[in-house]
> 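Dropping a structure here in structure tokens format, bear with me for questions.
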Amino acid sequence: MPNTDDLQKLLDILPLEIRQALEYHPLRDKLVEVVMDLGRLPEARFPNQAEYLSDTPISQEQLNECIQRVGEFGGDNRAGIEKTLHRISAIRNRTGKIIGLTCRVGRAVYGTIGMIRDLVETGRSILMLGRPGVGKTTALREIARVLADELNKRVVIIDTSNEIAGDGDVAHPAIGRARRMQVARPELQHQVMIEAVENHMPEVIVIDEIGTELEAMAARTIAERGVQLVGTAHGNQIENLIKNPTLSDLVGGIQAVTLGDDEARRRRSQKTVLERKAPPTFEIAVEMLERQRWVVHESVADTVDSLLRGHQPSPQMRTVDDAGKVTVTRQQPVSIRGVTDEKQDLRMPGNASATPVLQPNGWRASGQMSPLPRYSKEPESGISEFERLLDQSLDQSDLFGYGAQTAGPNGEDLPLHIYPYGVSRHQLEQVIQVLNLPVVLTKDIDSADAILALRSHVKNHSKLRHIAKVRQVPIHMIKASTIPQITRTLRRMLDMDEPLTTDERELSLFTQGGSEDEIDALEEARLAVEQIVIPKGQPVELLPRSPKVRKMQHELVEHYRLKSNSFGEEPNRRLRIYPA
């Protein structure tokens with residue numbers, strides 16, 4: 001892959017001592033960047049190493065000398081050297097004075113898109129993802145040149161930081177016949193994107209670093225006008241974009257959908273699930289893991305749908321060797337995430353599309369039931385229902401599609417869907433999580449297999465008894481909402497024998513947050529945060545608590561990324577929680 005970098009022009013702006021150290025350096029042609037910070041030794045960085053270039057710390061005079069040769073820095077604290085691709089970025093102190101420079105070498109590498117040339121020629125929009133320094137901008141520049149020169153397309157580059165086509169009014173020859181539009185200030189990038197479509201009749205628009213919601217909206221507007229988009233975004237993988245509310249629209253956006261009872265049962269899922277909101281702005285996504293190893297998602301829509309359902313997608317893995325030969329392999333979806341080793345063995349080896357083999361799974365052995373690997377959600381204070389569903393989609397296994405269980409004690413599909421009434425949901429979730437019970441709590445009595453209720457509540461609620469009788473849903477009652485009673489009742493509902501001894505897992509129910517005082521205190525803090533502090537933006541004072549319990553409350557508040565203080569004198573010392 002031939003490259004041109006005009007390295008001497010970058011070296012010419014450096015102080016004499018540093019320039020001389022680099023001009024005869026054996027790794028000169030592989031130089032990535034030069035870092036100069038006030039009062040520290042100058043450093044040269046190469047692909048796999050870094051070294052100091054001088055024994056003398058950088059002075060303000062040396063920095064000023066470089067700044068004078070470079071010229072003006074833009075609103076993004078970047079400057080360039082005319083007719084080159086080099087980038088000089090400034091670090092300023094609080095008063096705006098420049099106290100550090102990062103001088104990055106820009107290279108036009110020809111032939112770098114051999115791995116995805118077939119995709120570029122399809123005319124579909126392509127999104128490049130990857131960590132900083134992996135070569136996204138270099139690939140973007142080469143794609144623009146190939147589309148303009150070899151495929152004769154009208155290409156317009158939105159060059160916000162002058163990284164793609166270099167500094168100055170004359171674009172670098174590395175972009176070929178493609179045209180470049182400069183951006184006065186970074187926050188105006190989305191306006192220039194729309195202006196390019198309206199004024200210059202492009203067939204392809206190339207954008208580097210889509211990072212704001214306005215830019216994501218502009219990208220969708222452009223794609224809907226039939227223009228091919230090629231761009232990069234902040235993110236390492238598609239999962240990063242799905243979790244990023246600002247940029248999720250690039251892959252179609254995510255929304256919570258409530259299913260009907262029949263559909264929820266058919267899917268064997270909860271009633272509220274996450275689905276893709278719209279067609280993706282970019283039809284193809286390329287994850288640049290390394291310079292010579294890229295993962296290609298040929299259909300972003302299919303990949304996002306798979307991830308939201310808890311499945312592992314099966315993208316292409318493309319690599320290129322030193323001779324330029326491209327190898328394409330299909331990445332096997334390693335086990336579905338979260339599935340135990342026992343379930344992994346049920347998959348057909350070496351075949352990505354093999355149907356899982358359903359085998360007897362030992363729900364009943366000698367009349368005793370064994371618990372499933374946990375499916376129900378972990379109780380995570382401090383995240384919204386939407387975020388919880390999103391994490392569940394991306395991180396939980398689709399246990400019911402692989403080795404789905406047969407039936408519960410009364411013929412119900414497992415896991416058992418329980419409607420709690422008057423029973424502490426927090427305690428229920430704690431028991432289910434610690435004991436790995438195949439139970440899902442539901443807020444919809446229509447989808448419940450059983451009702452777990454406080455005896456005192458059922459006596460005074462004839463409507464509940466009537467609904468349960470009409471729907472033929474059994475009611476299991478407990479005297480008090482305590483962990484021992486909840487544990488015994490859930491085991492009875494699942495037809496599981498009581499263990500002869502209490503193991504460490506069950507003991508942790510009582511030793512780790514098992515006391516009523518601790519649970520009440522954490523529940524009080526959680527409700528205060530979720531119902532007052534976050535939605536209303538108002539501070540809240542909690543009830544007086546012991547030092548040990550206040551510490552637990554402090555940690556819970558910190559999980560929400562909020563601040564809290566203890567105030568008052570013992571024994572009336574209590575927490576005050578502040579909005580963000």
Side-chain angles (χ1 to χ4, degrees), residues 113 115-130 136-161 163-165 175-183 186 188-235 238 240-242 244 246-253 276-288 294 296-304:
I113 64 152
M115 276 195 280
I116 59 166
R117 183 173 179 124
D118 58 319
L119 303 177
V120 173
E121 292 176 353
T122 62
R124 295 156 72 197
S125 295
I126 302 174
L127 181 65
M128 315 290 287
L129 301 169
K136 296 192 297 293
T137 305
T138 304
L140 219 54
R141 187 183 301 123
E142 175 70 351
I143 289 172
R145 184 191 66 80
V146 168
L147 284 167
D149 289 3
E150 300 179 23
L151 301 179
N152 298 312
K153 297 261 182 109
R154 298 188 300 275
V155 180
V156 173
I157 299 170
I158 312 300
D159 204 2
T160 305
S161 301
E163 267 193 275
I164 301 176
I175 66 167
R177 291 172 50 238
R179 303 179 73 190
R180 181 262 295 270
M181 291 183 70
Q182 298 189 41
V183 181
L188 299 179
Q189 175 169 299
H190 66 282
Q191 293 182 9
V192 179
M193 290 164 65
I194 300 297
E195 181 188 329
V197 178
E198 292 175 344
N199 293 355
H200 304 291
M201 208 170 65
E203 294 174 287
V204 182
I205 282 190
V206 176
I207 321 152
D208 197 11
E209 295 185 9
I210 300 173
T212 69
E213 196 168 356
L214 288 172
E215 290 163 13
M217 289 169 61
R220 177 168 291 280
T221 301
I222 292 168
E224 288 175 351
R225 297 187 189 191
V227 178
Q228 181 183 0
L229 277 171
V230 183
T232 65
H234 301 292
I238 284 186
N240 302 137
L241 296 188
I242 292 176
N244 185 340
T246 305
L247 299 180
S248 64
D249 188 54
L250 296 178
V251 293
R276 184 166 44 84
K277 191 187 300 182
T281 302
F282 291 89
E283 300 149 285
I284 300 171
V286 178
E287 297 172 0
M288 301 174 69
W294 296 357
V296 175
H297 298 272
E298 302 144 287
S299 172
V300 171
D302 291 346
T303 294
V304 172

> Could you work out, with salt bridge (charged side-chain N to carboxylate O under 4.0 Å, His left out) as the rule, every residue matching D249, not counting sequence neighbours?
R220
> Check side chain to side chain donor-acceptor pair (under 3.5 Å) between E209 and all other residues, then give those that pass, not counting sequence neighbours.
none
> Partners of R276 by salt bridge (charged side-chain N to carboxylate O under 4.0 Å, His left out), sequence neighbours excluded?
D305
> Shortest non-hydrogen contact from A196 to P202?
O-CD, 3.4 Å
> What closest approach, in Å, do H200 and R179 show between heavy atoms, and which atom pair accounts for it?
ND1-NH1, 4.1 Å
> Search all heavy atoms of L127 against all heavy atoms of T232 and return the closest pair with its distance.
CD1-C, 4.1 Å
> Got a sec, which residues hit side-chain contact (heavy atoms from CB on, under 4.5 Å) with L188, two or more places apart in sequence or on another chain?
V183, A184, R185, Q191
> Minimum heavy-atom separation for A139 to M288, with atom names?
CB-CE, 4.2 Å
> Could you pull out all residues at least two apart from E195 that satisfy salt bridge (charged side-chain N to carboxylate O under 4.0 Å, His left out)?
none
> Holding to salt bridge (charged side-chain N to carboxylate O under 4.0 Å, His left out), I want the full list of residues that pass it with R117, two or more places apart in sequence or in another chain.
E121, E150
> Could you tell me whether M181 atom CE has more than 12 heavy atoms of other residues or ligands within 6.0 Å of it?
yes
> Quick one, T137 and I164 - any side-chain contact, counting heavy atoms below 4.5 Å?
yes
> Does any non-hydrogen side-chain atom of T212 lie less than 4.5 Å from one of H190?
no
> With a 4.5 Å heavy-atom cut-off, do L129 and F282 have their side chains touching?
no
> Could you tell me which non-hydrogen atom of I242 sits nearest to which non-hydrogen atom of S248, and how far apart they are?
O-CB, 4.0 Å
> Locate the shortest heavy-atom distance separating A219 from L229; write the atom from each residue and the value.
O-CD1, 3.2 Å
> Any non-hydrogen side-chain atom of L147 less than 4.5 Å from a side-chain atom of Q228?
yes
